[in-house]
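Since the structure comes first, as structure tokens, the remarks are kept for the end.
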Amino acid sequence: QKEVEQNSGPLSVPEGAIASLNCTYSDRVSQSFFWYRQYSGKSPELIMSIYSNGDKEDGRFTAQLNKASQYVSLLIRDSQPSDSATYLCAVNIDTGRRALTFGSGTRLQVQP
Amino acid sequence: DAGVIQSPRHEVTEMGQEVTLRCKPISGHNSLFWYRQTMMRGLELLIYFNNNVPIDDSGMPEDRFSAKMPNASFSTLKIQPSEPRDSAVYFCASSFVGGSNYGYTFGSGTRLTVV
């Protein structure tokens, strides 16, 4: 089992809809969770971080964490064509001793 | 801040040649990471430095790969000899580990092609 799993997609949503991206992780002691956005040919860019159970909102983005279910998600409200990218989930299991482990990413396509 | 600076942006080399990738982290960051990204394997950690000391090099594929961080503002990743299967995008990232939010900042990457 991979440490961090994501559906590769593509996930296709119409402009203005809510896009829901999901990620599961295998290690129960994971401490920190991040979402990165990567446009084609570019480097990953941090868009959200979450450390405790519940929801965290930042503009059109909401990160949700459920440690009991080992599940983290990213909701994008009012999706725009410019949101079309690959979204990478990253998990830190042991801060200071191990680096972030990344999922393989979900490709999101927002249709105008 | 100029961000994480990597060079070169593109590198094409012949099998068997030595390749050196370079990285300048963000000033004030205490941790530096080298990742490799391919379509098949995604983003994989190669090595992690904290305060210039290698902490986790379990991702370094084999002895052909070596990394150094002689000071807080510079790191190199060397492949000798290079092989076609090393073709990938190599990212350097830096962070301040120990703060409340230590998301990584990535450089623009080096696209390596070994022919």
Side-chain angles (χ1 to χ4, degrees), chain A residues 1-10 21 23-27 30-52 56-58 61 63 65 72 74 85-107, chain B residues 2-7 9-10 21 23 25-26 29-51 53-60 67 69 75 88-111:
Chain A
Q1 182 187 8
K2 292 184 179 179
E3 289 183 310
V4 182
E5 297 213 46
Q6 296 181 255
N7 188 317
S8 62
L21 305 162
C23 172
T24 58
Y25 58 94
S26 61
D27 198 316
S30 297
Q31 301 171 336
S32 310
F33 309 86
F34 303 85
W35 283 99
Y36 284 78
R37 177 176 61 199
Q38 186 174 25
Y39 292 113
S40 180
K42 302 295 185 182
S43 58
E45 172 193 13
L46 177 66
I47 54 172
M48 288 287 288
S49 60
I50 188 166
Y51 305 99
S52 54
K56 178 181 178 181
E57 187 174 317
D58 184 0
F61 298 99
L65 175 60
V72 59
L74 179 70
T86 296
Y87 289 80
L88 302 167
C89 173
V91 174
N92 192 289
I93 297 169
D94 187 351
T95 304
R97 292 192 177 186
R98 289 187 60 182
L100 289 180
T101 300
F102 284 81
S104 56
T106 298
R107 188 157 62 94
Chain B
V4 177
I5 300 172
Q6 290 188 246
S7 64
R9 290 294 306 275
H10 302 274
L21 310 181
C23 176
I26 291 174
H29 282 184
N30 63 0
S31 296
L32 182 140
F33 312 86
W34 284 100
Y35 283 86
R36 176 172 67 178
Q37 188 174 40
T38 61
M39 289 292 291
M40 290 297 296
R41 301 176 68 89
L43 201 57
E44 301 175 287
L45 176 73
L46 298 175
I47 189 167
Y48 158 30
F49 291 91
N50 181 262
N51 292 321
V53 176
I55 301 299
D56 182 0
D57 64 355
S58 59
M60 295 288 265
M69 191 164 186
S75 176
V89 180
Y90 290 79
F91 287 107
C92 175
S94 72
S95 177
F96 184 79
V97 174
S100 60
N101 181 351
Y102 50 93
Y104 300 173
T105 301
F106 283 79
S108 299
T110 295
R111 182 174 295 277

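Worth knowing before you read on, the calculation uses all heavy atoms, side chains too, and leaves out hydrogens, waters and symmetry mates. In what follows, chains are A, B, ... by sequence order, proteins preceding strands, each numbered from 1.
For the side-chain hydrogen bond (donor to acceptor under 3.5 Å, both in side chains) test, no residue two or more places apart in sequence or in another chain qualifies with B:N30. Looking at residues two or more places apart in sequence or on another chain, you find a side-chain hydrogen bond (donor to acceptor under 3.5 Å, both in side chains) between B:W34 and B:S75.
Side-chain contact between B:Y104 and A:Y36: present, with at least one pair of heavy atoms (C-beta onward) separated by less than 4.5 Å.
Taking every heavy atom of both residues into account, A:S43 and B:F91 meet most closely at CB-CE2, 3.4 Å. Scanning all heavy atoms of the two residues, the minimum distance from B:L43 to A:P44 falls at CD2-CG, 4.2 Å.
Heavy atoms closer than 4.5 Å to chain B are found in the side chain of A:Q38, but not in its backbone. Contacts of B:F106 with chain A are made by both backbone and side-chain atoms, with heavy-atom separations under 4.5 Å. B:E44 does not touch chain A: none of its heavy atoms, backbone or side chain, sits under 4.5 Å away.
Remark: A:S104 OG to B:M40 CE distance equals 11.0 Å, nearest 0.5 Å.
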